[in-house]
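Note that these values count all heavy atoms, side chains included, but never hydrogens, waters or copies made by symmetry. Here is the naming used below: chain letters follow the sequence lines, and residue numbers restart at 1 for every chain. All of these numbers come straight from a predicted model, not from anything done at the bench.
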Amino acid sequence: MEIRFPDGRRRRVPAGIEAGEALADGAAKDGVPPLAALVDGVAVDLASPIGHDVALAPLTFEDRAGRDILQHSAAHLVAKGLVETVPEALPTHGPPTEEGFYYDFDVRPLLPADLDGVRAVMQRSIEAREPFVRKQLSRSDAERLFAANPHKLRYLADVGPNEPVTVYTTGSFVDLCRGPHVPDTHWLEGIHLLGFSAVEDSVSGRPLQRIRGVAFPTRAELESYLKLRTEAAARDHRVIGSKQELFMFVDEAPGFPFWLPKGMILVRELEKYVAEHLRASGYAEVRTPLLFAQSVYETSGHWEHYRENMFLTVDGNRTFGWKPMNCPGSMLIFRSRPRSYRELPLRLAEFAPLHRLEASGTLHGLTRVRELVQDDAHLFVAPDQVEGEVRKLLDWIQEAFTTFRLGWSYELSTRPASFLGEAGVWDTAEATLEKILRESGVKYRVSPGEGGFYAPKIDIHIRDSLGRPWQTGTIQLDYQLPARFRLEYQGADGQLHTPVVIHRTILGSWERFLGVFIEHCAGRFPPWLAPVQVRVLPIADRHAAAAQGLADSLAAEGVRVEVAAPEESIAKRVRTAEVDRIPYVVVLGDQEAAEGGLAVRTRGSKESLHQSPAEFTAHVLDRIRRREYDP
RNA sequence: GCCGCCAUAGCUCAGUCGGUAGAGCGGCUGAUUUGUAAUCAGCAGGUCGGGAGUUCGAUCCUCUCUGGCGGCUCCA
């Protein structure tokens with residue numbers, strides 16, 4: 001019998017050899033022990049026997065498939081732990097995730113002490129190196145084995161008629177599972193429980209308890225993961241926001257951010273950045289009411305689809321809703337007089353506060369709030385203008401996110417279960433968006449059923465410091481609202497036509513964008529955004545006048561500059577400036593006075609640079625004007 | 001909204017086995033006038049998140065409300 005290795009070598013082995021042995025005997029590569037094997041591209045246990053000629057490759061933790069196998073094995077270990085701690089717990093399923101794994105149980109609400117019990121059982125198992133043993137059962141034996149667990153019986157019923165029914169045993173714990181698994185529980189010594197929470201069973205709707213965790217093949221790898229997590233927590237935008245006095249919240253206005261003076265500078269700079277682009281791209285800015293009567297939302301469909309998330313206010317016998325998005329206002333502007341095809345594309349931008357009654361449990365710093373301002377615009381276009389406009393938007397997204405050095409990903413979201421209009425129109429709109437994405441050569445993911453109730457969309461996602469994805473920009477191709485608002489324009493053919501509306505934001509909202517960006521830059525803002533761009537430190541009182549003079553001349557150029565008087569040691573003031581993440585720190589003392597120069601310390605560098613005031617000013621202004629990322 | 005956890009000075013936290021509280025940083029005042037990540041000293045600052053209950057007595061125990069955190073759900 002012959003096996004082939006990935007490097008092209010071939011080897012004769014006795015029939016029935018275990019995959020692990022076959023790998024150990026000659027295919028070992030760079031010393032990383034495999035945790036499973038790929039046989040003809042299919043992941044199997046190392047203990048799996050090989051019966052005929054195959055292509056054989058090792059799977060390690062470095063491989064995505066190998067990582068998933070380890071996480072899934074860790075989930076089994078958690079199930080073993082909980083079943084031994086809380087015997088009435090019914091395991092349901094325990095898949096690997098992006099971060100690690102979870103296992104859902106049908107059980108009474110868990111307590112922190114339950115997790116301690118789970119940890120203890122897991123530790124004993126890891127020390128005992130309990131093997132994961134695969135066994136094939138008849139369907140009826142399996143039904144008997146899992147008779148007490150309706151969830152497992154349900155999964156059992158899902159096993160295909162030609163598929164073997166297999167279980168994996170770990171010590172005394174048996175779980176219905178296709179596998180494969182790591183050889184034994186010692187592989188899971190780097191297991192870590194992240195917590196537990198209530199989830200809803202997608203099939204039965206019953207409340208389940210989910211235990212989440214992450215696992216590594218060694219304790220050392222777990223340690224470095226935990227260290228990374230600690231570092232990520234330090235760049236949490238909620239922490240930085242309060243340290244740098246950017247924004248705050250009060251109990252009396254949950255989810256409603258206060259922008260403090262320094263944070264407001266960030267908002268205004270973003271606005272300026274976006275506004276410059278809008279001017280250059282043929283947009284007009286408008287401002288429409290914050291409240292509309294119920295009838296407007298009935299027209300838009302929000303009353304039916306979104307009412308429970310809207311703030312309402314009553315005036316006499318009329319109910320008004322605080323607008324959760326800007327579309328109605330723009331629609332009403334378009335409809336306010338007859339429109340010609342010559343006006344299209346009509347691009348109306350609006351940066352107005354929006355109010356959304358988000359459920360209390362979903363609020364999260366700046367990234368999930370109840371009042372927000374989007375860099376919003378509505379493009380009223382003729383059908384044949386859709387592609388060109390969407391392509392321009394993709395270009396702008398690229399430019400904008402590159403400026404912020406943010407990685408982003410696209411997601412195409414299609415028709416949801418509850419939608420307005422006709423399926424055929426949706427199909428066309430979805431096909432158009434997908435075609436543009438495909439032709440742009442960008443990577444994207446498709447999320448079926450995740451579109452808005454009125455339009456399919458391309459969403460832009462960026463990640464926070466803990467890797468949680470957040471939606472920022474969105475491009476929605478809407479054929480519904482224009483019809484519902486009875487929008488029309490007169491075409492070149494003299495006939496009346498309904499425009500298509502592209503709803504789009506690029507950065508999303510200032511709130512969410514800044515929340516994520518603060519974590520991305522860890523509070524070290526690019527000079528153009530930094531609330532304080534330059535801080536001048538006179539060594540002694542006799543240098544104060546020169547320091548103020550420099551500050552005044554920088555301020556006259558529009559630079560945000562402040563002077564830190566010599567009430568504290570120069571070392572202390574340098575430290576404070578560093579802690580405050582000031583991009584440029586200028587020290588002025590006898591030496592500088594004599595030379596007519598400046599000692600410039602650029603954020604992140606311990607070295608001082610000697611520059612003339614003119615050189616320094618030109619440098620700072622240039623970095624700011626070009627919106628360079630680094631000082 | 002659901003499950004669990006948390007709430008003590010502006011911030012980060014300690015503490016009281018039930019007898020109303022401390023530190024560091026920050027703030028203020030004074031001294032120091034400093035050469036690139038913390039000069040020294042003094043002072044001020046808290047009805048221990050709100051309400052109710054148990055108790056001779058509650059910051060501590062119980063209930064409840066509010067807010068926050070981690071998940072879930074949701075996200076026009």
Name the nucleic acid region contacted by A/Gln209, choosing base, sugar-phosphate or nothing; use a 4.0 angstrom heavy-atom cut-off, strictly under. sugar-phosphate
Can you give me the closest heavy-atom contact between A/Ala89 and A/Leu82, atom names plus distance? CB-CD2, 3.7 Å
Span that lies between the P atom of B/G50 and that of B/A9, in whole angstrom: 11 Å
Do the side chain of A/Asp251 and the base of B/U66 come within less than 3.5 angstrom through a donor-acceptor pair of N or O atoms? no
Within the 4.0 Å heavy-atom criterion, would you say A/Leu363 contacts the bases, only the backbone, or no part of the nucleic acid? sugar-phosphate
Give the nucleotide from the list B/C3, B/U36, B/G1 with an atom nearest to the side chain of A/Ser197. B/C3
Checking all strands, does A/His364 fall into the base, sugar-phosphate, or nothing category for heavy-atom contacts under 4.0 angstrom? sugar-phosphate
Could you tell me if the side chain of A/Asp114 sits less than 4.5 Å from the side chain of A/Arg108, heavy atoms only? yes
Taking pairing as Watson-Crick or G-U wobble with both contacts under 3.5 Å, can you name the mate of B/U47, or confirm there isn't one? none
Figure out the CG/P separation between A/Leu609 and B/G35, and round it to whole Å. 21 Å
Across the strands shown, which category fits A/Glu358 at heavy-atom distances under 4.0 angstrom: base, sugar-phosphate, nothing? base
With a 4.0 Å cut-off on heavy atoms, is A/Leu537 in touch with a base, just the backbone sugar-phosphate, or nothing at all? nothing
Which part of the nucleic acid, if any, lies within reach of A/Lys323 when heavy atoms closer than 4.0 Å are counted: base, sugar-phosphate only, or nothing? nothing
What is the distance, rounded to the nearest whole Å, between atom CD of A/Glu567 and atom P of B/U39? 14 Å
Using a 4.0 Å heavy-atom cut-off across all strands, classify A/Ala599 as base, sugar-phosphate, or nothing. base
Reported CZ-to-NE2 distance for the pair A/Phe334 and A/His378, which is rounded to 0.5 angstrom: 13.0 Å
Whole-Å distance, A/Leu588 CG to B/U36 P, equals 15 Å
Note: A/Pro566 and A/Ile539 closest approach over all heavy atoms is CB-O, 3.6 Å
Along RNA chain B (nearest heavy atom to each residue), the more 5'-positioned of A/Ala359 and A/Gln471: A/Ala359
Nearest-angstrom distance, P atom, B/G45 to B/C2: 42 Å
Could you check whether A/Glu450 gets within reach of a base, just the sugar-phosphate, or nothing at all, counting any heavy atom under 4.0 Å? nothing
Ring pair (Phe, Tyr, Trp, His ring centres under 6.0 Å) between A/Tyr454 and A/His305, worked out: CA-CA 10 Å; A/Tyr454 54 77; A/His305 294 267; 9.3 Å; no
Among B/A37, B/U36, B/C3, the one nearest any side-chain atom of A/Val587 is B/U36
Of A/Arg370 and A/Lys606, the one whose nearest nucleotide on RNA chain B sits closer to the 5' end is A/Lys606
A/Arg368 has a side chain; which of B/U33, B/C75, B/G26 sits nearest to it? B/C75
With a 3.5 Å cut-off and heavy atoms only, can you find an N or O donor on one side and an acceptor on the other between the side chain of A/Glu245 and the base of B/G10? no
When all nucleic acid strands are considered with a 4.0 Å heavy-atom cut-off, which category describes A/Phe249: base, sugar-phosphate, or nothing? nothing
Rounding to the closest angstrom, what is the interatomic distance between B/U33 and B/U20 at atom P? 46 Å
Please determine, for B/G67, whether a Watson-Crick or G-U wobble partner exists with both distances under 3.5 Å, and give it or none. B/C6
Any strand, both distances under 3.5 Å, Watson-Crick or G-U wobble: B/C72 pairs with B/G1
Taking CG from A/Leu111 and P from B/C5, how many angstroms apart are they, rounded to a whole number? 7 Å
Please tell me which of the listed nucleotides, B/A38, B/U39, B/G35, lies nearest to the side chain of A/Ser569? B/U39
Given atom NE2 of A/His305 and atom P of B/C75, what is their separation to the nearest angstrom? 12 Å
Starting at atom CG of A/Asp580, determine the distance to atom P of B/G26, rounded to an integer number of angstrom. 11 Å
For A/Gln591 and B/U36, give me the distance from atom CD to atom C1', rounded to whole Å. 12 Å
If only side-chain N and O atoms of A/Arg210 are considered, is one of them under 4.0 Å from the OP1 or OP2 phosphate oxygen of B/G70? no
Using the P atom on both, measure B/C3 against B/C11 and round to a whole Å. 29 Å
State which of B/G4, B/G70, B/U36 makes the closest approach to the side chain of A/Arg212. B/G70
Side chain of A/Pro254 only, please: which of B/G68, B/G35, B/G4 is the nearest? B/G68
Options B/C3, B/A38, B/U34, nucleotide nearest the side-chain atoms of A/Arg542: B/U34
Who does B/U16 pair with, Watson-Crick or G-U, both distances under 3.5 Å? none
Say we look at B/G15 and B/G46: how far apart would their C1' atoms be, to the nearest angstrom? 14 Å
Nearest to the A/Pro112 side chain among B/C2, B/G35, B/C5, which nucleotide is it? B/C5
Write down the distance separating the P atoms in B/C5 and B/A58, rounded off to the nearest Å. 26 Å
Euclidean distance for C1', B/A44 against B/U66 (whole angstrom): 30 Å
Checking N1-N3 plus N6-O4 or O6-N4 for Watson-Crick, or N1-O2 and O6-N3 for wobble, each under 3.5 Å, the partner of B/C61 is B/G53
May I ask you to decide if A/His520's main-chain N or O and A/Arg235's side chain share a donor-acceptor pair within less than 3.5 Å? yes
Could you verify whether a donor N or O on one side chain and an acceptor N or O on the other, from A/Tyr225 and A/Glu99, lie under 3.5 Å apart? yes
A/Thr474 versus A/Gln476, side-chain donor and acceptor atoms under 3.5 Å: yes
Considering only B/G68, B/C3, B/G26, which nucleotide approaches the side chain of A/Lys572 most closely? B/G26
Roughly how far apart, to the nearest Å, are B/A38 and B/C25 at atom C1'? 10 Å
Whole-Å distance separating the OH atom of A/Tyr102 from the P atom of B/G71: 15 Å
Are OP1 or OP2 of B/G70 and a side-chain N or O of A/Arg238 less than 4.0 angstrom apart? yes
Shortest non-hydrogen pair, A/Gly597 vs A/Pro613, comes out as CA-CD, 4.3 Å
For A/Gly589, which contact category applies under a 4.0 Å heavy-atom criterion: base, sugar-phosphate, or nothing? base
From C-beta outward on A/Val199, which listed nucleotide comes closest to its side chain: B/C72, B/G35, B/A38? B/C72
Over all strands shown, is A/Ile570 touching base, sugar-phosphate only, or nothing at heavy-atom distances under 4.0 angstrom? sugar-phosphate
From the options A/Phe513, A/Trp510, A/Phe249, select the one residue that forms a side chain to side chain contact (heavy atoms under 4.5 Å, CB included) with A/Leu366. A/Phe249
